[in-house]
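Data first, discussion second: the structure below is written as structure tokens.
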Amino acid sequence: MARYAMVIDLDRCTGCRACMEACKVENNTPQAHFWMYVFRFEEGEYPNTRVWFMPRPCMHCDNAPCIKVCPVGARYKRPDGLVATDFDRCIGCRYCEVACPYGVNYFNWKKPERNHYIDWTDREAGAVLDPVTNGAVPPYKNPDLEKPYGPERRRIAGGGHLKGVIEKCTFCVHRVERGQQPACVANCPLYALHFGDLDDPGSRVSQLLRRRPHFRLLEEAGTQPRVYYLGGKPPGEESRQIEAVRARV
Amino acid sequence: MVTQVQPIPYGVGRFSAALVLVILLLLAVIAGGVYALYTQLTEGLVVTGLRDIGTMGGSAWGLYIAFDVYFVGVSFAGITTAALVRILNLHHLRAVSRMAELLTIISLILAAFSVLPDLGQPLRGIIYLFKYARPQSPFFGTFTMVIAGYLFASLVYFFLDGRRDAALCARRAGRLQWFYRLWASGYRGTAEERERHDRASFWLSLAILPVLVIAHSTLGFVFGLQVGRPGWFSALQAPAFVILAGVSGVGLLIVIAAIVRRVLGAHDRLTPEVFRWLGNMLMVLVAAYLYFMVVDWLTATYAAPSHEARISRAIYFGRYAGVYWTSVAALVAAFVLQFRQFMRQRYELSRIVLAGVLANVAAVGKRMLIVVPSQTHGALLPYPPGTYSPTWVEYGIILGLFGLGTLMYVAFSKIFPIIELPEEGVEG
């Protein structure tokens with residue numbers, strides 16, 4: 001069984017937020033939901049300032065506070081390390097959300113079909129979009145997001161399924177099970193994001209972690225995250241967020 | 001057999017015009033709550049002021065959870081009073097024991113109800129919370145200890161405690177005679193039976209006391225075990241929940257007892273002695289809670305880690321200062337009111353009631369301060385601070401729950417004597 005992890009090279013990240021965009025398209029997440037979010041930080045006083053960027057997916061922790069508190073087992077750890085959310089099981093109590101120190105959970109406050117960037121049900125929108133997409137399947141109809149995954153056959157992929165449930169980064173389980181990289185990793189123009197198997201010494205992530213110093217976010221909280229950062233340092237009191245996304249539903 | 005023709009005292013089965021008006025008013029409030037709930041069920045929780053923690057800058061839990069904690073807290077009063085009556089033989093508190101037990105049962109039902117609108121999928125919640133229950137989740141304790149254990153134990157105690165009165169009521173022919181007979185379940189009032197009853201309720205109340213502490217602590221653990229939320233992760237959470245539960249519970253019991261005394265004119269049973277006792281109990285609990293708050297303040301201002309300090313600043317001087325200092329003022333005022341009466345040994349009903357009201361204002365405020373600031377200002381990653389202000393839907397549903405609880409209370413008091421029937425005439 002693989003032991004998946006993500007490695008994020010902060011020295012390479014330019015804060016372009018292409019990963020955020022890729023995630024939204026791939027997973028059909030509703031407005032204001034950012035399963036992948038890129039912090040843009042500024043430190044120091046003019047003229048001695050420094051700007052740096054930090055992508056923040058779900059940390060897929062080995063000791064995940066969200067899994068501990070879920071009263072119905074909708075949030076669970078897969079043997080390959082992915083922290084999954086079964087949207088057929090979730091009762092929408094949001095305990096996982098308040099328990100998570102990283103703020104990666106997003107709740108469907110309204111019906112997802114009313115919260116998409118384009119009204120896919122609008123016929124006129126279809127007339128405009130069809131020539132553009134060349135009749136390709138739009139993300140909200142991606143059949144992969146509806147399928148069950150893993151030996152436990154639970155539906156855990158994609159977002160925007162139904163109102164009143166929690167959704168979050170899945171590490172693109174529907175792509176990973178096919179042997180592909182998560183959408184954010186595949187779309188990073190600078191190879192700042194890496195994804196792979198820690199148990200395979202030849203994998204890119206294993207090599208990077210062997211070679212370079214790294215840290216994990218909020219390690220002191222004992223969550224044992226599966227996302228490793230290379231280069232740079234964790235954000236501190238001195239890190240001011242600039243250009244924060246403040247979208248609310 | 002004179003008792004057969006005498007009507008059941010304490011307003012059972014009698015409806016005055018004012019009472020009908022009150023019931024209509026309560027029904028209107030409940031209807032408002034139902035409408036708010038309908039809006040929320042069709043539109044989703046977007047109609048509330050709740051939003052996601054993190055980039056959305058919101059609070060995922062709000063008024064519903066705060067009042068869930070409040071309602072569970074209020075349930076403290078019943079069992080404590082009943083247990084004190086039985087274990088410490090405080091017989092002068094007998095008159096309020098049924099009122100208190102009923103308060104416990106109704107507030108626990110309201111607590112269960114106030115969780116449901118918080119769920120995104122309430123129907124799933126009702127089934128899955130049992131079907132897929134996970135004991136590892138602190139919520140599990142809330143459902144088993146509080147709803148199942150605590151409510152069940154309270155109902156059993158309530159049943160045992162009411163059998164004698166039910167037997168007395170059953171002597172009288174009427175439409176509800178079957179109900180009284182069922183409740184009395186063969187109670188005759190023989191010496192042997194009373195002795196057995198006494199023993200059973202003594203051991204039951206002795207067993208309920210630890211359950212009470214555990215149940216309120218469990219609710220504290222829902223927050224106190226979350227390492228990811230500064231301001232919540234604290235061992236003080238559980239004991240503070242127990243004490244604040246007592247403050248709100250005893251405070252509300254005082255208010256209810258005063259209303260019952262006024263409406264039913266039961267001055268002979270609800271004597272100043274009863275209120276003196278309840279008032280003193282409230283004073284001790286408020287003092288204990290103030291002590292917790294001072295300890296909290298010292299820890300938070302002297303040497304708090306930066307994330308904790310941010311929340312304390314928001315509570316003490318920032319966005320939540322209004323709620324915080326109102327709660328502090330209400331608690332201090334309640335304590336001073338009671339303490340002055342205690343020192344002079346002269347008690348006035350209106351002052352005790354005022355202290356009870358103030359204690360509840362503070363309890364609601366403190367519950368909001370426990371639930372909300374750690375979410376809006378407690379991010380460990382550098383998200384900007386969030387905001388939360390409840391909408392009419394949330395207020396509507398909570399008011400509706402209060403209406404429902406009051407209606408249940410009134411309805412019960414109309415089918416069963418809300419005060420234990422007097423000793424004389426028992427051996428009929």
Side-chain angles (χ1 to χ4, degrees), chain A residues 32-34 37 39 41 54 56 65-74 87-112 114-115 162-166 217-218 220-223 234-237 239-241 244-249, chain B residues 41-48 50-61 65 115 118-134 136-140 142-143 222-223 225-230 232-233 306-307 310 371 374-375 378-384 387:
Chain A
H33 290 209
F34 299 101
Y37 180 68
F39 282 100
F41 291 124
M54 189 188 79
R56 179 239 66 195
C66 59
I67 296 175
K68 281 193 206 168
V69 300
C70 180
V72 296
F87 57 82
D88 289 324
R89 175 80 66 89
C90 176
I91 60 169
C93 68
R94 302 185 295 288
Y95 202 172
C96 50
E97 180 164 0
V98 299
C100 175
Y102 305 98
V104 305
N105 292 281
Y106 290 91
F107 186 74
N108 281 335
W109 298 101
K110 42 175 150 172
K111 282 194 187 116
R114 286 208 209 155
N115 199 24
L162 70 161
K163 90 170 189 251
V165 298
I166 274 281
L217 278 182
L218 308 179
E220 65 278 15
T223 52
E237 287 295 299
S239 317
R240 297 183 297 276
Q241 196 189 177
V245 171
R246 287 306 301 265
R248 265 176 103 108
V249 178
Chain B
L41 287 177
T42 49
E43 298 292 316
L45 279 146
V46 69
V47 293
T48 66
L50 303 166
R51 287 300 178 271
D52 287 318
I53 298 167
T55 59
M56 227 183 262
S59 176
W61 285 353
I65 296 293
V115 174
D118 190 65
L119 300 180
Q121 296 277 344
L123 283 179
R124 276 187 187 179
I126 293 168
I127 301 163
Y128 289 2
L129 280 171
F130 296 96
K131 192 172 169 191
Y132 299 115
R134 283 183 75 248
Q136 300 96 316
S137 171
F139 264 177
F140 183 79
T142 316
F143 285 97
V222 167
F223 303 91
L225 297 180
Q226 298 317 315
V227 67
R229 293 255 81 79
W232 282 5
F233 190 66
S306 56
H307 296 292
R310 187 151 32 114
V371 174
S374 284
Q375 299 181 66
L380 291 172
L381 294 182
Y383 295 109
T387 54

Residue set satisfying side-chain hydrogen bond (donor to acceptor under 3.5 Å, both in side chains) with B/Gln226, at least two apart, ordered chain then number -> A/Tyr95

Under 4.5 Å to a heavy atom of chain A? For B/Tyr128 that would be both

Heavy-atom side-chain proximity of B/Arg124 to A/Val165 below 4.5 angstrom = yes

Greatest number of non-hydrogen atom pairs under 4.5 angstrom with chain B, of A/Ala221, A/Cys70, A/Ser239, A/Ala74, falls to A/Cys70

If you tally heavy-atom pairs under 4.5 Å between each of A/Glu237, A/Met54, A/Lys111 and chain B, the highest tally belongs to A/Glu237

Applying ring-ring contact (aromatic ring centres under 6.0 Å, His included) to B/Phe233 and not counting sequence neighbours gives none

Under 4.5 Å to a heavy atom of chain B? For A/Cys100 that would be backbone

Looking only at A/Leu217, A/Ile91, A/Val245, A/Val72, most heavy-atom pairs under 4.5 Å shared with chain B are made by A/Ile91

Okay, B/Leu123 and chain A: the region with an atom under 4.5 Å from a heavy atom over there is neither

Honestly, the part of A/Tyr102 sitting under 4.5 Å from a heavy atom of chain B is both

Whatever's closer than 4.5 Å to a heavy atom in chain B on A/Asn105 counts as backbone

Minimal heavy-atom distance between B/Trp232 and B/Val371, with the atoms involved, is CZ2-O, 3.3 Å

Okay, B/Gln136 and chain A: the region with an atom under 4.5 Å from a heavy atom over there is both

Pair count under 4.5 Å, heavy atoms only, with chain A: among B/Pro384, B/Gly228, B/Pro382, highest is B/Pro382

Cut-off 4.5 Å, heavy atoms of chain A, and the answer for B/Thr387 is both

So, the part of A/Ile166 with a heavy atom under 4.5 Å from chain B: the answer is neither

Query raised in the report: When the ring planes of A/Tyr37 and A/Phe34 are compared, do they come out parallel, tilted or perpendicular, using 30° and 60° as the limits?
Result: tilted

So, the part of A/Arg240 with a heavy atom under 4.5 Å from chain B: the answer is neither

Shortest non-hydrogen pair, A/Arg89 vs A/Gly73, comes out as NH1-O, 3.9 Å

Assert top hit (heavy-atom pairs under 4.5 Å, partner chain A, pool B/Ser59, B/Gly44, B/Gly120, B/Ala133) equals B/Gly120

So, the part of B/Ala379 with a heavy atom under 4.5 Å from chain A: the answer is neither

Honestly, the part of A/Ala32 sitting under 4.5 Å from a heavy atom of chain B is both

B/Arg51 and B/Thr48 have their tightest heavy-atom pair at NH1-O, 3.2 Å

Taking every heavy atom of A/Pro101 against every heavy atom of A/Pro65, the minimum-distance pair comes out as CD-CG, 3.9 Å

If one checks every heavy atom of B/Val222 against chain A at 4.5 Å, the contacting part turns out to be both

If you tally heavy-atom pairs under 4.5 Å between each of B/Val227, B/Leu380, B/Thr55 and chain A, the highest tally belongs to B/Thr55

Between A/Cys93 and B/Trp61, the two heavy atoms sitting closest are O-NE1, 2.8 Å

When the 4.5 angstrom heavy-atom criterion is applied to A/Val98 and chain B, the contacting part is both

**OP:** Could you check whether the rings of B/Tyr383 and A/Phe39 sit parallel, tilted or perpendicular, using 30° and 60° as the cut-offs?
**Re:** tilted

Bottom line for A/Lys163: the part with an atom under 4.5 Å from chain B's heavy atoms is both

If you tally heavy-atom pairs under 4.5 Å between each of B/Ile65, B/Leu50, B/Ile126, B/Leu129 and chain A, the highest tally belongs to B/Leu50

Bottom line for A/Glu97: the part with an atom under 4.5 Å from chain B's heavy atoms is both

Query raised in the report: Where do B/Arg229 and B/His307 land on the side-chain contact (heavy atoms from CB on, under 4.5 Å) test, with the steps shown first?
Result: CA-CA 9 Å; B/Arg229 293 255 81 79; B/His307 296 292; over 6 Å; no

Worksheet item: Do the side chains of A/Asn108 and A/His33 get nearer than 4.5 Å, heavy atoms only?
Response: yes

Chain A shares the most heavy-atom pairs under 4.5 Å, among B/Gly125, B/Pro138, B/Pro122, with B/Pro138

Residue from A/Gly222, A/Ala247, A/Gly164, A/Ala99 scoring the most non-hydrogen pairs under 4.5 Å with chain B is A/Gly164

Value for CG (B/Leu381) from CD1 (B/Ile53), rounded to nearest 0.5 Å, stands at 12.0 Å

